Enquirer: 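Following this message is one structure expressed as structure tokens.
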Amino acid sequence: FTYAAGVWSVTDYQLQRLETVHRCALKRILGTAITTTNAAVLNETGMVSVATLLESCKLQFVGRLATVEKSRLVHKIFELEFSNHGILAEAHNLVYKFKLREALVKLLEGHSLNWNDLVVQHVKVFCQKYLKQQLLQAVKCSGLNINENLCTAWYLKLESKLASFLFKLRAGSLHLEVEKGRFKKLIREERICPLCGTEVEDAYHFIMKCPSLAPERELLLHKFESLSSVEESSCSGCVSSEHNDTIFSFLMEKSFGPKTEDESKCMHEVVQQLHLMWVKRCKLLHREICVSNPEILRTQSSVRFESMLP
């Protein structure tokens, strides 16, 4: 995809189309809604925007031109155009944008530098600042931790239904009442849990408080306690049923960094149990809807009977 991208000339309209396709493809892979915050998608997948990727390729191409032998014509043209803001004006602006001016001067003076690694590091710093700003402004996922290493969240390597479920829970796009109420234009205080009817149904209420899911929650806490027995676990000694905030933070925030095989296995069981809580919640809600509206139940029974006919 990035072959010769350093010399591509892309119009604003073409770049916008590429960004749209890129974001839609990521959301389709994650199994989430098209309305999911773009910053959350990039943060969790460890991907960068198409614009940033093209800019990185152009900067790497600048490094290759700067290291060409000074006696060659291409190097002389590069120095002339770059210093005079000629046809390489865009590259000149990118060098300043990513704060690589000093490194480029050293490279032109003949110093030995790993230019490509410097470009990657500075692009990472730029993306971290951008994602931090975007996530702080986001309404649904302002609590997400910044992906400092631009790596893929570990849970996205799980089976697709679990990965998609946990991503939607973390990104605020899971169909809880706090999310559904946005489309109904309800104020937050009116987005009440349909199972217990006591308070707003957000991620914390679903995971830690809803009394209708108490049995499944006990199993979830038991799975968490098993993590404390895993050697060198990042949550060792801090997970118990008395530390709900710690457990919630672990699920919603701590999802980056290397994981041991044993720890990954335990976390897979935790996510699986959390997904079973979601399945139980959906079943309870579906049953209440059918009881309150018998017509739905009769229609479903009719459909099942007709499907059994030859």
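We're numbering straight along the sequence, starting at 1. Computed from a predicted model, the values in this text were never measured in an experiment. Values reported hereafter were calculated over all heavy atoms of this structure, with side chains retained and with hydrogens, waters and symmetry mates removed.
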Enquirer: Quick test of your reading of the model: are Glu109 and Lys106 salt-bridged, counting only N-O distances below 4.0 Å?
Expert: no

Enquirer: Roughly how far apart are Cys196 SG and Glu201 CD, rounded to 0.5 Å?
Expert: 7.5 Å

Enquirer: Answer with yes or no whether the hydrophobic clustering places Phe61 together with Val120; edges join I, L, V, M, F, W, Y residues whose side-chain heavy atoms lie under 4.5 Å apart.
Expert: no

Enquirer: Can the ring centroids of His92 and Tyr96 be said to lie less than 6.0 angstrom from one another?
Expert: yes

Enquirer: Could you tell me whether the side chains of Ser173 and Thr32 share a donor-acceptor contact shorter than 3.5 Å?
Expert: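 Yes, because at least one side-chain N or O of Ser173 sits under 3.5 Å from a partner of the opposite role on Thr32.
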
Enquirer: Hey, what do you get for CG (Leu274) to CG (Leu219), rounding to the nearest 0.5 Å?
Expert: 12.0 Å

Enquirer: Looking at NE2 of His22 and CG of Leu26, how far apart are the two atoms once the value is rounded to the nearest 0.5 Å?
Expert: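 Those atoms lie 4.5 Å apart.
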
Enquirer: Strictly below 4.0 Å, N to O, side chains only: are Glu69 and Lys76 in salt-bridge contact?
Expert: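 No, no charged N to carboxylate O under 4.0 Å.
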
Enquirer: Considering only NZ, NE, NH1 and NH2 on the basic side and carboxylate oxygens on the acidic side, decide whether Lys209 and Glu199 come within less than 4.0 Å.
Expert: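 Looking at Lys209 and Glu199, the cut-off is met.
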
Enquirer: Could you tell me whether Arg188 and Asp202 have a side-chain N and a carboxylate O separated by less than 4.0 Å?
Expert: yes

Enquirer: Just verifying a value: how many Å separate Leu176 CG and Trp278 CH2, rounded to the nearest 0.5 Å?
Expert: 5.0 Å

Enquirer: Just verifying a value: how many Å separate Ile29 CD1 and Ser164 OG, rounded to the nearest 0.5 Å?
Expert: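 Going from the CD1 atom of Ile29 to the OG atom of Ser164 covers 11.5 Å.
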
Enquirer: May I ask you to decide whether Lys97 forms a salt bridge with Glu55, counting only side-chain N to carboxylate O separations under 4.0 Å?
Expert: yes

Enquirer: So, taking the atom named NE2 in His75 and the one named CZ in Phe78, what distance separates them when rounded to the nearest 0.5 Å?
Expert: 7.5 Å

